[in-house]
Amino acid sequence: MNTIKPSSPYIRPIPSMVLNALHCTQSKPNPSFSPKYPSILATNIIKSYFDKGVIKEARKLFDEMPDRDVVTWTAMITGYTSCNYESFAWNIFYEMLKEGVKPNAFTVSSVLKCCKGMKCYSCGALVHGLSVKHGLVGSIYVDNSLMDVYGYTHRGDGYGGLRAFQQMLSEGAEQSAFSFSIAVKACALTGASSHGGQLHATSVKYGLNSSLPVMNSIIDMYCWFQCLSEASQCFNEMPQKDIISWNTLISGYKRSNSTMCLSLFTSMESQGFTPNCFTFTSVVAACADLSILTCGQQIHANILRKGLDRNMAIGNSLIDMYAKCGSISDSRKIFELLSFKDLVSWTSMMIAYGVHGYGVESVKLFDEMVKSGIRPDRVVFMTVLSACSHAGLVNEGLMYFDSMKTEYNIIPDQDIYGCVVDLLGRAGKVEAAYELIQNMPVNPNDSVWGALLGSCKAHKLPNLGKLAAQFMLEAKPDMARTYLLLSNLYASEGEWKDFAKMRKLMKGLGGRKEPGCSWIELKNDVYSFAVGDKVGPQTERVYEVLSMMILHMEVAGYVPDIDYSLHEFEDGIS
DNA sequence: ATAGGGTTAG
């Protein structure tokens, strides 16, 4: 649990004797305490600070301690890890080694848990090596945590996990709720829904369907398989539900039906369950998905009343929600308020700036983040590259691309290449972008070709554009947009035969294209409208205002881009 | 002060 509660009401007052003991080492020596004693007390207090989620206080105490032994360092590593601050835990471990403190079995198993949380298996291997060097392998704790780091399911290898489970079954090993819930999780990871039903049936056979963790993981599995009715059925048939059962179903619905997610939240509260940080992150994300600001604000108020506003996961989802609801200043407020920011906090704020056109601010935030000691990952590099691209910071972007590979050992994937192609192409260096594609070590996918296609269109390079569009169609044949662009390219070149071919292919996709729409929130209701919609008695007035706005835009020099709207004309929507 | 199941955010 990483609940960060407001400090004062949750912390038991520290007895003055303890406080004296803490300070006596320097100012007034107290004969009743041996020099070691205060450090043990302080270590215990550090642990309890982490238990309450007041991380800053823990760190402050740690920084003030004059003598820190291996136990103190380990308490910091365990504490940070238990609050999901793995990168801080890792930094502490690094500092500890630098100061020459020798890790013991406790330290190593804590650090391994931290590696697992970071999903950083090279870090795990590093610690493995260190454990061998310090003769710590063979301790049951160290061995189990090593297995945990290297284990199948936690690494995302669902099939590996299931194979181990199958072996367990065939060897007749005793089954428990523990093994089952992990097996179900492994099955969810494979995405093979047929095994899911079997596993569910087997759990009934072993009488484990009364275990809350087992049933909760089964609900989660059905949600990942998009079998929402099966998930709901399991949920409804459970004689007893806990908060995790609700959270599992709510987060499942958030992924496929945000409206339903919100109504589940309402029934959860009406049945007397108190939402926690997990619930709120899903529900806030649902508001972000639906772009419903007032609802998001009401839930935010609920969060404030429960004193959960300093929780990092909730804060991160609030940043995203306010940005997606158009209220970037609120995103920034939440971001500033977070006493602890992790990689996701920074990335969310950077994306918020990016989508609102503040590329420079986004890039600045990236530098600040790195300076604060957080190690960037693939996602945040995508964010900073796209920010550079939109702000026209080509050289800076290329520099980040380079440091990603050389400084952070992140191997660029297709999406990253897509960002760099976009960076170059947007700035008019379309040839350089094409050259990059030809030299990239992985096969270019639709995001790469799409970026090139976009820049060919913007900089009017029909020939390269046609090439990009053809590759794009190979990679992703169901994009009506690509056919449209390609057909327009053919039309501009007078290649009517190819034009007709594209139009025909495009029509075949007709039913699959989702119509675009806009919406506005007015007095607790959301009104959505598509091109050409009639919006009640006020329709005429709305269109009057619209034509006036278009006139203003044209006076200001706006030239409409009709490449994408042609399709709508043909469908007769417009 | 140490490991072991299910739910969260970019």
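Throughout, protein chains are lettered first and strands after them, A, B, ... in sequence-line order, and every chain is numbered starting at 1.
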Please give, in whole Å, the distance from B:dA1 P to A:Tyr80 OH? 20 Å
Flag the pair A:Lys60 and A:Asp63 as a salt bridge only when some basic side-chain nitrogen lies within less than 4.0 angstrom of an acidic carboxylate oxygen. no
Please classify the nucleic acid contact of A:Val380 as base, sugar-phosphate, or nothing, using heavy-atom distances under 4.0 Å. base
With a 4.0 Å cut-off on N to O distance, would you call A:Glu368 and A:Lys364 a salt bridge? no
Measure from CG on A:Leu146 to C1' on B:dG4 and round the result to the nearest Å. 14 Å
Which listed nucleotide (B:dG10, B:dG5, B:dT8) is nearest to the side chain of A:Ser251? B:dT8
Taking OP1 and OP2 of B:dT2, is either one under 4.0 Å from a side-chain nitrogen or oxygen of A:Ser110? no
Across the strands shown, which category fits A:Leu343 at heavy-atom distances under 4.0 angstrom: base, sugar-phosphate, nothing? base
Using a 4.0 Å heavy-atom cut-off, does A:Asp242 contact any base of the nucleic acid, only the sugar-phosphate backbone, or nothing at all? base
Counting the atoms with a prime plus P, OP1 and OP2 as sugar-phosphate, which does A:Ser179 contact under 4.0 Å by heavy atoms, base, sugar-phosphate, or nothing? nothing
Base, sugar-phosphate, or nothing for A:Arg255, non-hydrogen atoms under 4.0 angstrom? sugar-phosphate
Would A:Tyr322 and A:Arg332 count as having a side-chain donor-acceptor pair, cut-off 3.5 Å? no
Mind checking if A:Lys254 touches a base, just sugar-phosphate, or nothing, with heavy atoms under 4.0 Å? sugar-phosphate
Base B:dG10 paired with A:Ser348 side chain (donor-acceptor, <3.5 Å): no
Classify A:Ser145 by what it touches in the nucleic acid, base, sugar-phosphate, or nothing, heavy-atom distance under 4.0 Å. nothing
